[in-house]
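Here's the structure, in structure tokens; my notes come after.
Just so you know, these numbers use all the heavy atoms, side chains as well, and skip hydrogens, waters and symmetry mates. Starting from 1, each residue takes its place in the sequence as its number.
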Amino acid sequence: MIAGLKEAGVDLTTADLVIGTSAGAVVGAQILSGVPIEELYERQLRPPTGEIAIRFGLGNLGRFAVLMLLAGGGSGVRGRVGRAALRARTMTEAARKAIIAGRLPVHDWPERDLQITAVDAETGELMVFKRDSGAELVDAVAASSAVPMVYPTITINGRHYIDGGVRSIANADLATGSDPVVVLAPLRVARRRQRVEAQLQSLGPGVRSIVVSADETARNAMGRQALDPALRAASARAGRAQAPRAAGAVAEVWALSRQQ
């Protein structure tokens, strides 16, 4: 989507602030790495060498969906989810970090403002990692994408963290003081507390914003096995194909920032 939008004249990689949650943490680190967006797109089309496919059966898929809905209820419930994640049998932290490291072309924090969200596994509280947080970039991205009971919790400075998406799929309410705001949210959640539009409203009535989500074709390309890297290339192509149809609406909002 980001590559397609740039091709259509809308360059989101010039953002002053990038907030990354879960897979979005990977994308945020990638687009601020200094590597050209076209090269980053081409990387998505390569065979997923070194990745580990995670596939859900119907029972586990339903359990995971319920878990995510419950997790939006508050820090207490998120803490219960996190403590369950601490007990789960998964791959090792080292193995997971190696996978994340392979996805990032640069392992140093960018100069521009990148904020990566995660949730404390014991308390359920939100943690936002930044350049000056004392966390390595690979560790922060791994923490943000540590899907509970699927991937291991990630240890940073003695604390254990799980996926930032447990709090919100986008955490758009962290964009306080930003205007305009463009949210790329491939997946949408119906629960009001997590709804991206509600978070954007919390930024204030004058903030200009837009939310872009996957269309039907892109959702089909992403499939039901969202954690299977074999679907990455098809998803990337579908997102790029959707971009020209979204570009006009995004440009109306994004062009405002270029004029200020």
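- The distance from atom CG of L114 to atom CG of L32, rounded to the nearest 0.5 Å, is 5.5 Å.
- R245 is listed as a side-chain neighbour of D215, based on a closest heavy-atom distance under 4.5 Å.
- Residues satisfying the side-chain contact (heavy atoms from CB on, under 4.5 Å) criterion with A88, sequence neighbours excluded, are T90, M149.
- Under a hydrophobic clustering in which Ile, Leu, Val, Met, Phe, Trp and Tyr are joined whenever their side-chain heavy atoms come within less than 4.5 Å, directly or via other members, V106 and I31 fall into different clusters.
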Report task. Start with the C-alpha distance between D120 and R167, add both sets of side-chain angles, then the distance that settles salt bridge (Lys or Arg N to Asp or Glu O under 4.0 Å), and finish with yes or no. Result -> CA-CA 10 Å; D120 189 298; R167 189 226 184 212; over 6 Å; no

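- Both I37 and V35 are members of a single hydrophobic cluster when ILVMFWY side chains are connected at heavy-atom separations under 4.5 Å.
- In summary, D113 and K130 do not engage in a salt bridge, as defined by a charged side-chain N under 4.0 Å from a carboxylate O.
- D163 and S145 form no side-chain donor-acceptor contact under 3.5 Å, judged by distance and modelled atom types alone.
- Across P48 and P229, no two heavy atoms sit closer than the pair CB-CB, 3.7 Å.
- Between R159 and E122 there is a salt bridge, since at least one side-chain N of the basic residue sits less than 4.0 Å from a carboxylate O of the acidic one.
- Cluster partners of Y41, by chain and number: L45. The rule joins Ile, Leu, Val, Met, Phe, Trp and Tyr whenever side-chain heavy atoms lie under 4.5 Å apart.
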Requested in this report: Determine, step by step, whether V141 and S144 satisfy the side-chain contact (heavy atoms from CB on, under 4.5 Å) criterion, reporting the C-alpha distance in whole Å, the side-chain angles of both residues, the deciding distance to 0.1 Å, and the verdict.
Outcome: CA-CA 5 Å; V141 173; S144 186; 5.7 Å; no

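- P105 has its side chain within reach of S33: a pair of non-hydrogen atoms, C-beta onward, lies under 4.5 Å apart.
- Within the 4.5 Å cutoff, the side chain of S178 has no heavy atoms near those of the L203 side chain.
- Here the shortest heavy-atom pairing between P186 and M222 reads CB-CE, 4.0 Å.
- Across all their heavy atoms, A218 and A214 have their closest contact at CB-CB, 3.8 Å.
- Heavy atoms from other residues, nucleotides or ligands lying under 6.0 Å from CZ of R240 number more than 12.
- A donor-acceptor pair under 3.5 Å is absent between the side-chain atoms of T153 and the main chain of L86, judged by distance alone.
- Between the side chain of Q242 and the main chain of S213, a donor-acceptor pair closer than 3.5 Å is present.
- Taking CD1 of I52 as the reference point, atom CD1 of I99 lies at 4.0 Å (rounded to 0.5 Å).
- Heavy-atom minimum distance, N157 versus G134: ND2-O, 3.5 Å.
- By the 4.5 Å heavy-atom criterion applied to side chains, L12 and L184 are counted as neighbours.
- Judged by distance alone, the side chain of N220 and the main-chain N or O of T217 form no donor-acceptor pair under 3.5 Å.
- T123 places a side-chain N or O within donor-acceptor distance of the main-chain N or O of E125, the cut-off being under 3.5 Å.
- Side-chain atoms of F129 and Q115, non-hydrogen and from C-beta on, never get closer than 4.5 Å to each other.
- Under the side-chain contact (heavy atoms from CB on, under 4.5 Å) criterion, D139 pairs with K97, E136, I156, not counting sequence neighbours.
- Counting side-chain heavy-atom gaps under 4.5 Å among Ile, Leu, Val, Met, Phe, Trp and Tyr, the cluster of L174 also holds L17, I19, L126, V128.
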Query raised in the report: Given the rule in the side-chain contact (heavy atoms from CB on, under 4.5 Å) test, do R103 and E51 qualify, once you have shown the distances and angles that lead to the verdict?
Result: CA-CA 9 Å; R103 295 177 182 176; E51 297 274 3; 2.8 Å; yes

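- Between the side chain of S202 and the main chain of Q199, a donor-acceptor pair closer than 3.5 Å is present.
- A 4.5 Å side-chain heavy-atom check between T21 and I169 finds every atom pair outside the cut-off.
- Distance alone, capped at 3.5 Å, is enough to place a donor-acceptor pair between the W109 side chain and the A135 backbone.
- Residues Q30 and L104 meet the side-chain proximity criterion, which asks for heavy atoms closer than 4.5 Å.
- A side-chain N or O of E93 and one of T155 form a donor-acceptor pair less than 3.5 Å apart.
- In this view, R131 and E111 satisfy the side chain to side chain donor-acceptor pair (under 3.5 Å) rule, not counting sequence neighbours.
- A salt bridge does not link K6 with E38: none of the charged nitrogens is closer than 4.0 Å to a carboxylate oxygen.
- Qualifying ring pair (Phe, Tyr, Trp, His ring centres under 6.0 Å) partners for Y151, counting only residues two or more places apart in sequence or in other chains: none.
- Remark: side-chain polar atoms of W254 are paired, donor with acceptor, to backbone N or O of D11 under 3.5 angstrom.
- In this structure, Q44 contributes its side chain and R232 its backbone to no donor-acceptor pair below 3.5 Å.
- Of all the heavy atoms in A170 and V196, the pair that sits closest is CB-CG2, 3.9 Å.
- Annotation for A85 and I162: closest pair CB-CG2, 3.9 Å, computed over non-hydrogen atoms.
- For the pair H107 (side chain) and L137 (backbone), a donor-acceptor distance under 3.5 Å is absent.
- Neither I100 nor L231 shares a network with the other; the hydrophobic side chains, linked directly or stepwise wherever heavy atoms of I, L, V, M, F, W or Y lie under 4.5 Å apart, form separate groups for each.
- Using a cut-off of 4.0 Å between Lys/Arg side-chain N and Asp/Glu carboxylate O, R208 and E252 are scored as not salt-bridged.
- Checked by atom type and distance alone, the side chain of R96 never pairs as donor or acceptor with a backbone atom of P152 at under 3.5 Å.
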Requested in this report: Under the side-chain contact (heavy atoms from CB on, under 4.5 Å) rule, what do V212 and V183 come out as? Steps first, then yes or no, please.
Outcome: CA-CA 6 Å; V212 181; V183 179; over 6 Å; no

**Report entry** Test side-chain contact (heavy atoms from CB on, under 4.5 Å) applied to L200 and V207, step by step
**Finding:** CA-CA 8 Å; L200 289 173; V207 175; 6.0 Å; no

